[in-house]
Amino acid sequence: MSVQMNIERQPAIQRGNLTIDPQYYTVTLAGEEIDLYPKEFDVLCLLTQYPGWVLSPEQIYGAVWKESVIGCERVVYNVICQLRRKLKNPDMIQTVIRRGYKFVG
């Protein structure tokens, strides 16, 4: 399965009390703006485009970084950890053991 990023022309994504506006690179949670680094923003956009889907670290890395690298799991893991911390809701992005991550918002 090929997962692709398409945030340039996408309208705002609304998932519960989370709003992502790819046009203006803003994320708000319950009306409060959340500051994200560009890769954090891109990973969050990707996961919310496919809510409930389990995306492997390789799929996430390939879609966001636009390259394939063996051993990319740690990079993706670190970005996911930062997102969970910044979103103040670790359950929003769930880990599926030995498979990847999914957005459950």
Side-chain angles (χ1 to χ4, degrees):
M1 171 184 60
S2 176
V3 177
Q4 297 180 354
M5 286 281 294
N6 182 17
I7 63 172
E8 288 80 18
R9 288 176 244 118
Q10 185 176 357
I13 302 166
Q14 183 74 42
R15 301 282 183 253
N17 61 357
L18 179 72
T19 304
I20 303 166
D21 191 337
Q23 184 175 358
Y24 297 103
Y25 288 92
T26 59
V27 175
T28 56
L29 181 63
E32 178 183 337
E33 191 164 332
I34 307 294
D35 291 326
L36 299 179
Y37 287 108
K39 294 301 183 194
E40 293 170 344
F41 182 87
D42 292 345
V43 168
L44 184 61
C45 279
L46 177 66
L47 290 171
T48 57
Q49 285 177 4
Y50 299 95
W53 288 32
V54 178
L55 301 179
S56 71
E58 292 82 8
Q59 288 173 311
I60 294 170
Y61 194 89
V64 172
W65 281 265
K66 308 266 192 267
E67 56 188 53
S68 177
V69 173
I70 296 174
C72 63
E73 295 87 2
R74 180 55 67 186
V75 173
V76 173
Y77 171 81
N78 289 335
V79 171
I80 296 291
C81 287
Q82 291 291 24
L83 282 172
R84 287 175 173 157
R85 184 182 62 75
K86 289 180 178 184
L87 295 173
K88 299 175 186 163
N89 184 351
D91 296 328
M92 195 175 280
I93 300 172
Q94 292 183 348
T95 300
V96 179
I97 297 173
R98 295 191 190 118
R99 297 289 183 253
Y101 303 95
K102 68 179 178 178
F103 180 85
V104 294

How many angstroms lie between atom [atom1] of [X] and atom [atom2] of [Y], to the nearest 0.5 angstrom?
X: N78; Y: I80; atom1: CG; atom2: CD1; answer: 10.0 Å
X: T48; Y: Q14; atom1: OG1; atom2: CD; answer: 10.5 Å
X: Q94; Y: R84; atom1: CD; atom2: CZ; answer: 8.5 Å

Least distance between heavy atoms, [X] atom then [Y] atom:
X: D21; Y: F41; answer: O-CZ, 3.9 Å
X: L46; Y: A63; answer: CD2-CB, 3.8 Å
X: L47; Y: Y101; answer: CD2-O, 4.0 Å
X: P57; Y: R99; answer: CD-O, 3.9 Å
X: V104; Y: D91; answer: CG2-O, 3.0 Å
X: A12; Y: P22; answer: CA-CD, 4.0 Å

Residue list, side-chain contact (heavy atoms from CB on, under 4.5 Å) with R98, at least two apart or on another chain: none

Partners passing side-chain contact (heavy atoms from CB on, under 4.5 Å) against K86 (at least two apart in sequence or in another chain): I34, L36, Y37, E40

Derivation and outcome, side-chain contact (heavy atoms from CB on, under 4.5 Å), residues Y61 and E73: CA-CA 8 Å; Y61 194 89; E73 295 87 2; over 6 Å; no

Compare all side-chain heavy atoms of [X] with those of [Y] and state whether any distance is below 4.5 angstrom.
X: Q49; Y: I13; value: yes
X: E32; Y: K88; value: yes
X: Y77; Y: T95; value: no
X: K102; Y: I93; value: no
X: F103; Y: M92; value: yes

Steps toward side-chain contact (heavy atoms from CB on, under 4.5 Å) verdict (L87, L44): CA-CA 10 Å; L87 295 173; L44 184 61; 4.1 Å; yes

Parallel, tilted or perpendicular: rings of Y50 and W53 (30°, 60°): tilted

Whether Q59 side chain and S56 backbone form a donor-acceptor pair below 3.5 Å: yes

Reference residue E33; test side-chain contact (heavy atoms from CB on, under 4.5 Å); the match among V27, T19, T26: T26

Co-membership, hydrophobic cluster, residues Y25 and V43, 4.5 Å side-chain: yes

